[in-house]
Amino acid sequence: MQDGRNVVAGDAVRGGIDEEREVLRHSTAHVLAQAVTDLWPGARFAIGPPIEDGFYYDFELPDGERFSDDDLPRIEARMREIIAEDQPFVREEHSIEEALAIFAAQPYKREIIEGVGRQAGLDEAAGDHDGSAIVSTYRNSDSFVDLCRGPHVASTGRLGHFRLLRVAGAYWRGDEHRQQLQRIYGTAFESSDALEAHLQRLAEAERRDHRRLGAELDLFSFPSEIGSGLPVFHPKGGLVVKLMEDASRARHEAAGYDFVNTPHITKSELFEISGHLDWFAEGMFPPMELDEGHRYYLKPMNCPFHILIYRSSQRSYRELPLRLFEFGTVYRYEKSGVVHGLTRVRGMTQDDAHIFCTRTQMAAELHDILGFVLDMLRDYGLDDFYVELSTRPERKAVGTDEEWEEATEALRQSALGRGLELRLDEGGGAFYGPKISVQARDAIGRTWQVSTVQLDFQLPQRFGLEYVGADNSRRRPVMIHRALFGTVERFLAILIEHYAGALPTWLAPLQVAVLPVRDVHETYALEVASRMRSEGLRVEMDPATEPLGARIRRHKLAKVPYIAVVGDEDVAGGTLGLNRRGADKPERGVLVDDVVSAVRTEVASHGSPGASITGRP
RNA sequence: GCCGGUGUGGCGCAGUCGGUAGCGCAGACGACUUGUAAUCGUCAGGUCGUGGGUUCGAUUCCCACCGCCGGCUCCA
């Protein structure tokens with residue numbers, strides 16, 4: 001798989017209310033700029049657009065001064081004064097020359113104005129403009145005017161339900177070689193209720209943060225002695241990973257994949273042939289010098305290894321499609337500032353497969369892969385998807401037009417054939433082939449890029465892959481890269497956030513905790529636990545060394561699906577008291593067998609503790 | 001990599017305007033024997049991220065590096 005990870009995408013749904021919000025957010029951004037220029041005379045301001053959940057504005061303070069988070073309350077206070085003054089947003093129009101004069105002290109604004117002027121010149125040359133370039137400004141006081149296309153609210157008094165959130169660095173025009181500005185992020189809504197609701201959503205996302213839950217649930221950690229972006233999985237996290245991998249292997253076996261294994265390091269030669277050293281070198285760890293100057297690299301991708309397995313013998317069309325699967329651990333040198341929890345790491349394990357097939361098999365294979373992907377994602381409670389189709393990049397691309405057309409069409413048909421919403425990512429493909437990526441929405445509506453399926457025209461050619469066709473001629477196979485989890489690490493992070501740490505029963509490290517009320521019940525508790533264990537449940541007995549309430553609390557915090565309590569009544573009746581995760585009240589007098597069958601049912605269906613076992617309230 | 005912030009016992013935090021540190025949880029031990037979200041007590045645990053520098057003296061000030069957090073860039 002070329003790449004299985006990506007950043008969180010926002011929800012892109014837009015409606016009428018969003019247009020209103022854009023206007024008020026944009027207007028609030030103007031007020032922010034005004035407040036900053038009031039507090040730091042001479043501050044330069046760059047751009048301040050509305051964004052998904054709010055707005056930002058980029059600044060450069062005079063004399064190299066910098067904002068810190070502590071400045072936000074002051075700025076907010078000044079913004080509230082401006083809002084209280086109810087200043088009108090007055091639109092004015094100016095020629096390019098006038099505008100350049102107005103913004104004489106604002107180099108970023110001048111650059112934008114000059115850009116508008118240049119574009120107008122081009123349009124004129126193209127004949128679709130009269131050449132009289134005009135820019136608009138919005139003035140809301142004698143001292144503050146901003147270059148802006150608009151529209152804006154009528155006056156600052158219409159604003160007010162906003163919050164400044166953080167200060168961050170940002171490059172001018174997004175170019176890392178240019179001036180780095182400081183960006184202030186904020187959010188704004190039409191009512192305090194809507195603002196509060198949004199702040200609640202932010203708090204909810206924070207509550208679900210896998211880095212925090214991972215530590216609380218004792219799943220994994222990032223020892224600094226090992227290095228940035230290099231996680232270790234603790235016994236509980238390791239168990240969850242094992243369960244995921246077991247389930248994945250079972251599915252792959254059923255779907256006709258072959259299992260392979262490849263090393264973590266290789267001589268440079270392999271990545272010279274594959275081309276990775278030409279176009280991926282900066283994403284790779286530097287080489288180790290061994291054996292008289294041979295350079296060995298940690299692998300950033302598995303594909304070249306799988307290709308060598310393909311090439312290890314002469315292939316017949318009868319062997320195709322050949323599907324080679326591996327949990328392949330790869331290492332990538334991510335820049336220090338981008339490492340993030342389990343979603344952006346430097347060492348990761350991909351559920352990676354490479355499928356070699358004929359061109360005529362390609363469409364059917366893609367169709368099957370997509371079905372395979374969706375089935376697997378549904379195993380993990382992800383059932384709301386859309387698919388992004390990334391097409392040929394404009395600049396460089398290998399492969400013929402016909403190949404691109406055929407492959408892109410095959411990808412499109414595979415998505416449509418599954419009834420999936422398709423979004424086009426024009427020119428977003430890799431130079432070596434188009435791809436589709438499956439985006440899944442989680443429990444709180446965020447979308448994550450998970451699986452990717454990618455056609456590759458380059459590697460079969462570079463490695464000279466062939467198979468012998470029915471007519472005894474040598475042909476080049478088509479190669480499909482695909483990862484379903486993407487990476488195990490990242491997928492686990494998504495699951496933790498999706499389930500807010502309350503993993504479904506089949507993935508829960510501990511499924512049942514058995515708690516004797518007093519130590520005299522311990523023998524019976526052990527019997528219950530051992531009975532459950534013999535039925536394949538993951539169960540532990542927690543002895544009565546502390547009060548029952550304390551033990552219950554500990555297991556509730558650990559999000560254990562079932563907490564069984566056994567006391568006098570249960571010893572007498574061969575039952576237990578059951579505290580199901582998510583239920584407000586415990587059930588008494590439950591039969592052990594009923595718990596066993598409930599857990600087994602949930603494991604089979606990949607569910608979580610559901611309705612009452614006994615049917616009683 | 002860049003900008004800003006941050007780093008105090010396993011975890012969450014306090015503190016020292018420069019005179020080598022405290023709390024809660026967790027841990028160990030003891031008592032308590034508990035019917036559904038924290039029983040009580042005792043004890044132990046930190047060269048205050050690392051390395052330099054300033055100083056009579058640095059955890060506190062300065063510099064560099066490392067880690068982490070928020071962004072930018074990147075994410076083939």
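Just so we're on the same page: letters track the sequence lines, and every chain starts at 1.
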> What is the pairing partner of B:rG10, taking Watson-Crick or G-U wobble pairs with both distances under 3.5 Å in any strand?
B:rC25
> Quick one: label A:E216 by what it contacts on the DNA or RNA (base, sugar-phosphate, nothing), any heavy atom closer than 4.0 Å.
nothing
> Which nucleotide wins on minimum distance to the side chain of A:Y432, given the candidates B:rA76, B:rG35, B:rG1?
B:rA76
> Which is true for A:G229 with a 4.0 Å heavy-atom rule: it touches a base, it touches only sugar-phosphate, or it touches nothing?
sugar-phosphate
> Does the pair A:F271 and A:W279 meet the rule for a ring-ring contact (aromatic ring centres under 6.0 Å, His included), with working shown?
CA-CA 10 Å; A:F271 291 126; A:W279 53 269; 9.8 Å; no
> In whole angstrom, what separates A:L217's CG from B:rC11's C1'?
13 Å
> For a quick test of reading the model, state the closest non-hydrogen atom pair linking A:V345 to A:G229 and the distance between them.
CB-O, 3.2 Å
> Could you tell me how far B:rG49 sits from B:rU16 if I compare only their P atoms? Round to whole Å.
16 Å
> Within 45 degrees of the axis of the six-membered ring of A:Y386 and under 6.0 Å from its centre: does A:R423 put its NZ or CZ there?
yes
> Between A:D568 (CG) and B:rU34 (P), how many Å, whole number?
9 Å
> Rounded to whole Å, please give me the gap between CE in A:M284 and C1' in B:rG1.
19 Å
> From the set B:rA76, B:rC72, B:rG4, return the single nucleotide nearest to any side-chain atom of A:R66.
B:rG4
> Please name the nucleotide paired to B:rU20 by Watson-Crick or G-U wobble geometry with both distances under 3.5 Å, or report none.
none
> Among A:V592, A:T575, A:V565, whose side chain to side chain contact (heavy atoms under 4.5 Å, CB included) with A:D570 holds?
A:T575
> In terms of side-chain heavy atoms of A:H340, which of B:rU36, B:rC72, B:rG70 is nearest?
B:rG70
> Under a 3.5 Å limit for both distances, which nucleotide forms a Watson-Crick or G-U wobble pair with B:rG70, could you say?
B:rC3
> Just name whichever nucleotide pairs with B:rC65, Watson-Crick or G-U, keeping both distances under 3.5 Å, else none.
B:rG49
> What integer distance in Å separates A:L230:CG from B:rC68:C1'?
14 Å
> Taking only side-chain N and O atoms of A:Y185, does any of them lie within less than 4.0 angstrom of OP1 or OP2 on B:rC72?
yes
> Would A:F285 and A:Y297 count as a ring-ring contact (aromatic ring centres under 6.0 Å, His included) if you check the C-alpha gap in whole Å, the side-chain angles of each, and the deciding distance to 0.1 Å?
CA-CA 7 Å; A:F285 278 89; A:Y297 283 92; over 10 Å; no
> Between A:S224 and A:R211, just flag the one whose closest nucleotide in RNA chain B comes earlier from the 5' side.
A:S224
> Which value, in whole Å, describes the distance between the C1' atoms of nucleotides B:rG15 and B:rG22?
7 Å
> Considering only side-chain heavy atoms of A:R166, which listed nucleotide, B:rU73, B:rG71, B:rC68, is closest?
B:rG71
> Let's see if you can work this out: which of B:rU33, B:rA76, B:rU36 has an atom nearest to the side-chain heavy atoms of A:M301?
B:rA76
> Nearest heavy-atom pair of A:F233 and A:F220: which atoms, and what distance?
CD2-CB, 3.8 Å
> In whole Å, what is the span from the CD atom of A:E225 to the P atom of B:rG67?
12 Å
> When the distance from CG of A:L219 to P of B:rG10 is rounded to whole Å, what number comes out?
20 Å
> When the aromatic ring centroids of A:Y310 and A:F356 are compared, is their separation below 6.0 Å?
yes
> Please report the distance separating the C1' of B:rG53 from the corresponding atom of B:rA58, rounded so that it comes out in whole Å.
11 Å
> Within the 4.0 Å heavy-atom criterion, would you say A:A168 contacts the bases, only the backbone, or no part of the nucleic acid?
base
> Looking at every non-hydrogen atom in both residues, tell me the closest pair between A:P609 and A:T505 and how far apart they are.
CD-OG1, 3.5 Å
> Determine the contact category for A:D175: base if any of its heavy atoms lies under 4.0 Å from a base atom, sugar-phosphate if only primed atoms, P, OP1 or OP2 are that close, otherwise nothing.
nothing
> Considering only the P atoms, how many Å lie between B:rG71 and B:rG52, rounded to the nearest integer?
36 Å
> Minimum heavy-atom separation for A:L213 and A:K559, please, with both atom names.
CD2-CE, 4.1 Å
> Counting only Watson-Crick or G-U wobble pairs whose two distances fall under 3.5 Å, which nucleotide matches B:rU39?
B:rA31
> Mind running a 4.0 Å heavy-atom check of residues 542-559 of chain A against RNA chain B and sending the residues that fall below it, in number order?
A:A544, A:T545, A:E546, A:P547, A:L548, A:G549, A:A550, A:I552, A:R553, A:K556, A:L557
> If the P atom of B:rU34 is compared with that of B:rG10, how far apart are they to the nearest Å?
37 Å
> Taking 4.0 Å as the cut-off, does a side-chain nitrogen or oxygen of A:R518 come that near to OP1 or OP2 on B:rU34?
yes
> Is there, by distance only and without an angle test, a donor paired with an acceptor across the side chain of A:D570 and the base of B:rG35 below 3.5 Å?
yes
> What integer distance in Å separates A:L165:CG from B:rC72:C1'?
17 Å
> Would you check if the side chain of A:Q106 reaches a backbone N or O of A:F45 as a donor-acceptor pair within less than 3.5 Å?
yes
> Determine the interatomic distance between P on B:rC29 and the same-named atom on B:rG45; round to the nearest Å.
16 Å
> Is the phosphate of B:rC74, meaning OP1 or OP2, less than 4.0 Å from a side-chain N or O of A:Y333?
no
> For B:rU34, does OP1 or OP2 lie under 4.0 Å from any side-chain N or O of A:H521?
no
> Is there a side-chain contact between A:S228 and the phosphate of B:rC66, meaning an N or O under 4.0 Å from OP1 or OP2?
no
> Search all heavy atoms of A:A410 against all heavy atoms of A:M362 and return the closest pair with its distance.
CB-CE, 4.2 Å
> To the nearest angstrom, how far is A:L164 atom CG from B:rG71 atom C1'?
15 Å
> Please report the distance separating the C1' of B:rC61 from the corresponding atom of B:rG9, rounded so that it comes out in whole Å.
25 Å
> Please measure how far the C1' atom in B:rU60 lies from the corresponding atom in B:rG7, and state the result in whole Å.
14 Å
> Reckon A:G174 touches a base, only the sugar-phosphate, or nothing at all at heavy-atom distances under 4.0 Å?
sugar-phosphate
> Hunt down the Watson-Crick or G-U wobble partner of B:rA44, both distances under 3.5 Å, from any strand shown, or write none.
none
> So does A:Y171 reach the base of B:rG1 with its side chain, donor to acceptor, closer than 3.5 Å?
yes
> Between A:G429 and A:F67, who's closer to the 5' end of RNA chain B by nearest nucleotide?
A:F67
